[in-house]
Amino acid sequence: AFVGIEITQNTHITRAAMAAEMTGHWIENANAIATDTEMAKAWVQFTSDPESASPEGRAKLFFWSIAGFKSGDFSFHQWQAGNLDTELWKSTEGLLKSAFENPNHPYTLSWPFIKDLYTSDYVEYIDSLAASAETTAPAE
């Protein structure tokens with residue numbers, strides 16, 4: 001009985017740690033834009049017209065995307081391993097889906113160029129989100 005209780009406690013501790021780490025990653029990624037005037041300006045320019053963003057702003061958003069996807073790759077694998085609560089993962093999935101629904105989102109535009117940086121399961125997952133967004137996009 002004691003071993004069972006200990007395993008349950010360790011599972012809860014692991015899941016709490018993964019939830020805190022994942023949430024910390026997303027907060028850090030959001031704060032990179034929310035608290036940095038140059039990043040905020042680059043975001044506004046890039047999401048309205050990617051070509052209007054400065055080369056520096058484009059580079060910052062490109063590397064911001066790499067970090068965001070790397071955080072997502074980590075979280076995806078923690079979720080698959082049962083170390084991350086499904087409800088918390090689904091909120092991340094919603095954020096990713098909405099990003100791919102915006103054709104000018106840095107994630108949407110950078111993904112084809114950086115996808116080789118991530119694990120194959122995560123690439124397959126993100127590719128499916130991107131494909132789903134393409135099929136549900138309103139016709140222009």
Side-chain angles (χ1 to χ4, degrees):
F2 176 74
V3 173
I5 292 170
E6 191 171 287
I7 289 171
T8 299
Q9 287 177 336
N10 285 341
T11 300
H12 289 304
I13 290 168
T14 299
R15 290 183 110 192
M18 289 303 104
E21 187 164 349
M22 187 192 95
T23 301
H25 288 184
W26 283 109
I27 290 169
E28 183 178 332
N29 213 21
N31 277 337
I33 293 174
T35 62
D36 183 317
T37 304
E38 287 182 35
M39 283 289 286
K41 182 178 177 182
W43 175 268
V44 169
Q45 288 176 329
F46 195 89
T47 56
S48 62
D49 177 16
E51 298 302 318
S52 72
S54 70
E56 296 83 3
R58 292 169 63 93
K60 284 183 176 201
L61 290 171
F62 180 77
F63 287 104
W64 172 86
S65 295
I66 290 173
F69 279 123
K70 189 52 81 173
S71 170
D73 195 2
F74 168 80
S75 299
F76 179 76
H77 285 280
Q78 292 302 316
W79 172 64
Q80 284 188 320
N83 296 328
L84 188 63
D85 181 73
T86 296
E87 188 173 338
L88 186 57
W89 174 253
K90 291 298 178 186
S91 69
T92 297
E93 184 176 65
L95 186 135
L96 290 166
K97 283 180 180 179
S98 69
F100 280 100
E101 290 169 0
N102 179 349
N104 289 342
H105 194 287
Y107 282 3
T108 305
L109 295 171
S110 66
W111 179 246
F113 302 102
I114 62 176
K115 64 197 271 180
D116 291 339
L117 301 175
Y118 308 96
T119 59
S120 59
D121 288 348
Y122 186 65
V123 169
E124 185 178 314
Y125 170 76
I126 295 296
D127 281 346
S128 73
L129 291 180
S132 177
E134 287 175 9
T135 61
T136 60
E140 293 186 23

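- Between Leu61 and Ile33, some side-chain heavy-atom pair lies under the 4.5 Å cut-off.
- Of the possible donor and acceptor atoms, one in the side chain of Ser48 sits under 3.5 Å from a partner among the backbone N and O of Gln45.
- Looking at every heavy atom in both residues, Ala133 comes nearest to Glu101 through CB-N, 4.0 Å.
- The side-chain heavy atoms of Leu117 and Phe69, taken from C-beta on, include no pair separated by under 4.5 Å.
- Residue pairs that meet the salt bridge (charged side-chain N to carboxylate O under 4.0 Å, His left out) test with at least one member in residues 49-76, sequence neighbours left out, are Glu38-Lys60.
- Aromatic rings from Phe100 and Tyr107 are positioned such that their centres are separated by 6.0 Å or more.
- Considering CD of Gln78 and CG of Leu88, their distance stands at 12.0 Å, rounded to 0.5 Å.
- Put simply, CG on Asn83 and OG on Ser75 are 11.0 Å apart, with the number rounded to the nearest 0.5 Å.
- Taking 4.5 Å as the limit, some side-chain heavy atom of Thr86 sits within range of a side-chain heavy atom of Trp79.
- By the 4.5 Å heavy-atom criterion applied to side chains, Thr92 and Phe76 are not counted as neighbours.
- In summary, Glu87 and Lys90 do not engage in a salt bridge, as defined by a charged side-chain N under 4.0 Å from a carboxylate O.
- Note that CG of Leu96 and CH2 of Trp89 are 6.0 Å apart. Values are rounded to the nearest 0.5 Å.
- Applying the salt bridge (charged side-chain N to carboxylate O under 4.0 Å, His left out) test to Asp127 and every residue at least two apart in sequence or in another chain returns Lys115.
- Checked by atom type and distance alone, the side chain of Thr108 pairs as donor or acceptor with a backbone atom of Asn102 at under 3.5 Å.
- Side-chain contact check for Tyr118 versus Trp111: some heavy-atom pair is nearer than 4.5 Å.
- Within the 4.5 Å cutoff, the side chain of Leu109 has no heavy atoms near those of the Pro103 side chain.
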